[in-house]
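I have placed the structure first, in the form of structure tokens, so that the comments after it can refer back to it.
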Amino acid sequence: MQIIQPHFHGIARTTEDYRRMAMSGVVAVAEPAFWAGFDRWYPESFIDYFRQISEFEPIRASWFGIKHYCWVGVNPKEADNLSIARQVISRLPEFLQGPTVIGVGEVGLHKSTPNECKIFEEQVDLAIRHNQLLLIHTPHLEDKLHGTKRVLEILRGMPVDPERVWIDHVEEHTIRMVKDAGFWVGFTLYPITKCSPRRAVDMVERYGWERTLVNSSADWGPSDPFTLHECILEYRRRGHSLQEAIELFHNNPARFLGQNPKFDIRPVVVEVQQAASGAGVGA
Amino acid sequence: MLLEIAATLDRYDDAVRRHPQSTGTPSIEDPRLDLIYRAVEMLSRRNATQYRTEQLLELFSANVREPGRV
């Protein structure tokens, strides 16, 4: 089965991960810009990071036939420093021209501070002005409910097309409000924390697979790119057809990301061939 | 899964008893511990009118507020 991993932090993974992902059906990954585990002191550090995910990672992924795309933006954990964040934002347009850069992300909120909200609004505005897709991070744990409501509140005041916006890391208490507002939702699967593969399948069964993207993030923390495969296994184990699995794990990412013409993987349909009458084995 | 929760609560009580200034009785004033017991109590109700995962996540969201948030 062909799989698209729509949220994947390749710079935190080994080449062996790419190889094993290719062997298990992954045909494309999309890498959002995120936090490095520490706050960067210089705008130039972000610029080099964007070069890494837009220039080098596509080469590494291509060694195994995987197409690599990326998003650029200032992640919410570093958005509190207005000066650095604004210097980085001023450089984003040049990266948006890159052949594998498909949008602005992951931007959003972490602790929902006033500065984070300002930088989030400025990046949403940039995405609108440059006609870009938008990938939005929502906070974790006890901050998620408040932060997700705040994200929706900010978006309500801006001329965004919900079809072109993906709000990520939803869980049981935030999925309904995001789907009802017309946005795409994302489940980010982890081995221990956040959302598990089984809970993701529960939510798909409750709310449907439309406008839904499943990913395993696979960052530098305790994570595993193959939680996505665990989710596929669980989905199939519960009796969902191969075509339904393809809709969720390949076609949905192709539909959403394909709104940017640079992403050229199209939805696929499984066709069962009829046996030719009278056909036998051998000549 | 349930055993892990039981073991975590036992481990907490043991740690309190081992503490040099311990009175031997686990404190019930720690708000985080109180939240865990409230969660366990919530899960023990048989007739849930709302998904339990949703209720649990809301419980933990509603009871923690960070300064500086808007």
Side-chain angles (χ1 to χ4, degrees), chain A residues 76-77 79-82 108-121 138-154 157 169-180 185 187-189 192-207, chain B:
Chain A
K77 284 195 179 186
D80 234 14
N81 186 326
L82 291 177
L109 300 178
H110 172 54
K111 292 287 179 187
S112 302
T113 65
N115 281 359
E116 283 179 30
C117 292
K118 273 184 207 156
I119 293 301
F120 173 53
E121 278 187 58
T138 54
H140 297 298
L141 304 170
E142 69 272 10
D143 297 306
K144 184 178 293 293
L145 185 61
H146 173 78
T148 306
K149 285 179 181 170
R150 192 76 185 97
V151 160
L152 293 176
E153 197 175 272
I154 291 170
H169 320 315
V170 300
E171 290 183 52
E172 288 85 347
H173 58 327
T174 57
I175 181 172
R176 199 181 306 116
M177 65 178 90
V178 176
K179 270 209 152 181
D180 285 351
V185 299
F187 305 134
T188 309
L189 313 175
I192 307 167
T193 58
K194 299 157 192 165
C195 188
S196 69
R198 282 182 179 179
R199 282 173 53 208
V201 177
D202 294 339
M203 285 189 275
V204 169
E205 289 181 335
R206 276 173 214 155
Y207 300 101
Chain B
M1 208 180 291
L2 290 174
L3 269 176
E4 279 300 322
I5 296 170
T8 302
L9 295 173
D10 287 344
R11 206 174 297 131
Y12 179 88
D13 288 352
D14 284 349
V16 170
R17 282 189 205 99
R18 277 200 303 269
H19 193 275
Q21 277 133 27
S22 169
T23 57
T25 312
S27 167
I28 53 164
E29 286 169 17
D30 186 328
R32 293 167 304 175
L33 189 65
D34 182 53
L35 207 53
I36 290 171
Y37 277 109
R38 282 167 61 191
V40 172
E41 189 189 321
M42 196 196 77
L43 296 180
S44 70
R45 292 181 210 133
R46 278 183 182 237
N47 299 314
T49 52
Q50 188 189 357
Y51 286 119
R52 292 175 183 83
T53 41
E54 203 176 322
Q55 281 183 301
L56 201 62
L57 288 162
E58 282 175 1
L59 176 72
F60 281 91
S61 302
N63 286 282
V64 183
R65 278 282 172 268
E66 295 276 341
R69 291 200 317 194
V70 292

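Computed from a predicted structure; not experimentally measured. Letters A, B, ... mirror the listed sequences (proteins, then strands); counts begin at 1. Atoms considered below: every heavy atom in the structure, side chains included; atoms not considered: hydrogens, waters and symmetry mates.
Here the straight-line distance linking atom CG of B/Leu57 with atom NZ of A/Lys144 works out to 9.0 Å at 0.5 Å rounding.
A side-chain contact (heavy atoms from CB on, under 4.5 Å) with A/Glu172 is found for one member of B/Glu58, B/Arg52, B/Glu54, B/Gln55 and no other, namely B/Glu54.
For B/Glu4, the CD atom counts as loosely surrounded, since its 6.0 Å shell holds 12 or fewer non-hydrogen atoms of other residues, nucleotides or ligands. Residue A/Arg176 qualifies as open at atom CZ: its count of foreign heavy atoms under 6.0 Å is 12 or below.
Annotation for A/Glu142 and B/Phe60: closest pair CB-O, 3.6 Å, computed over non-hydrogen atoms.
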